[in-house]
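Below is one structure, written out as structure tokens, with a few remarks after it.
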Amino acid sequence: MPNIIKAQTEEQFNDIGAGIIASLLQSNPKALLGLATGSTPVGVYKRLVELFNEGSVSFAQAQSYNLDEYVGLPADHPESYRRFMDDKLFSLVDILPENTHVPPGSDPDPQQAAAEYTKLLERAGRIDLQILGVGHNGHIGFNEPGEELEGFTHVVTLDESTRKANARFFNSIDEVPVQAITMGIASILHAKQILLMARGADKAEIIARALQGPVTTECPASLLQTHPNVIVLVDQEAGRLI
Ligand code: GLP
């Protein structure tokens, strides 16, 4: 059973999420962090930046590996995940740019770029803490539901529902990339510890399916049930059914 934490307020949610990451860095300054984008971790990263500014945490020796990236957006595109991470965390703390890794979605050969990211992860060793959000369809990273899931970093075609959900960040759905590079399920499950975060009433159903439903590739987040060290951080709304 995962350790489930239900935050009472947004502030508490962000405090707890940032606290988990900060404690790891305090006990293991060289930690390998698996990082996620999306709206869910934004407040957590903001709180982490505050902790850094207060002198409570340092990323100087840490390494980060992000879960996923859109294919075809230049790295400095406002909606690329590289830009998201630079703007919301990396440029605001003391992590060394060369220690931050995001799958290179603008590489002209995304398949090759994905294979190289797998090698990079293998060389890095086990991620100490993998941060995850969850899509409404149960995707983690960009591992979309289906009959099969891939283990390692690969190129995916995004579900229409995912493109619609993410269209809010673009001018129109036509601008949302069709493909992405994502870490695979085996790489995610290889992490020593996983922190799954979800907020809002629209995530209640998928959180219940992920944690209490059958373990199935049709709900990639349900595979987290097979991991021995998962913390689930939800707000009251997302945790309503668990
Ligand atoms: C996105 C990302 C995921 C993220 C999820 C939820 O498409 N690829 O890594 O966890 O969808 O996003 P949000 O936190 O905005 O709900």
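In each ligand, atom 1 is the first atom listed, and ligand 1 is the first ligand listed.
- When hydrogens are left out, the protein atom nearest atom 3 (C) of ligand 1 is G141 O, 3.6 Å; that is the closest non-hydrogen contact.
- For T182, no heavy-atom contact with ligand 1 is shorter than 4.0 Å.
- In this structure, A36 has no heavy atom closer than 4.0 Å to ligand 1.
- Remark: ligand 1 atoms within the under-4.0 Å shell around heavy atoms of T40 are 13 (P), 14 (O), 16 (O).
- Checked by atom type, the side-chain pair N137/E144 shows a donor-acceptor distance below 3.5 Å.
- Only the side chain of R168 comes within 4.0 Å of ligand 1, counting heavy atoms alone; its backbone N, CA, C and O stay farther away.
- At least one heavy atom of K203 sits less than 4.0 Å from an atom of ligand 1.
- Residue R163 places every heavy atom at 4.0 Å or more from ligand 1.
- Of the listed residues (M183, H139, E144, E69), the one carrying the non-hydrogen atom nearest atom 11 (O) of ligand 1 is H139.
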Practice problem: Go through the steps for N166 and F142 under the test side chain to side chain contact (heavy atoms under 4.5 Å, CB included), then give the verdict. | Solution: CA-CA 12 Å; N166 289 2; F142 269 134; 3.8 Å; yes

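- Residues Q212 and L241 come closest through the heavy atom pair OE1-O, 3.6 Å.
- Side-chain contact between R83 and H77 is absent, with no heavy-atom pair separated by less than 4.5 Å.
- Using a 4.0 Å cut-off to heavy atoms of N166, the atoms of ligand 1 that qualify are 1 (C), 7 (O).
- For atom 4 (C) of ligand 1, the nearest protein heavy atom (residue, atom name, distance) is T37 O, 4.1 Å.
- Nearest protein neighbour of atom 12 (O) of ligand 1, counting heavy atoms only, is G38 CA, 4.0 Å.
- Considering every non-hydrogen atom in both L32 and R126, the closest pair reads CD1-O, 3.4 Å.
- Taking every heavy atom of G133 and a limit of under 4.0 angstrom, the matching atoms of ligand 1 come to 10 (O).
- Scanning both residues, S64 and L35, for their nearest heavy atoms gives CB-CD1, 3.7 Å.
- Residue V134 touches ligand 1 through its backbone alone, judged by heavy-atom distances below 4.0 Å.
- Only side-chain heavy atoms of Y81 come within less than 4.0 Å of ligand 1; its backbone N, CA, C and O stay farther off.
- At least one N or O atom of S39 sits closer than 3.5 Å to an N or O atom of ligand 1.
- Ring geometry for Y70 against Y81 counts as tilted: the plane angle lies between 30° and 60°, on a 0 to 90° scale.
- The side chain to side chain donor-acceptor pair (under 3.5 Å) test with R82 singles out one residue from T100, N66, T37, and that residue is T100.
- Atom numbering of ligand 1 starts at 1 in the shown order; those under 4.0 Å from a heavy atom of D68 are 2 (C), 8 (N), 9 (O).
- Side-chain polar atoms of S39 and R168 form a donor-acceptor pair below 3.5 angstrom.
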Exercise. Quick one: do Q130 and L67 satisfy side chain to side chain contact (heavy atoms under 4.5 Å, CB included)? Show the steps, please.
Key: CA-CA 9 Å; Q130 177 64 57; L67 277 172; 3.4 Å; yes

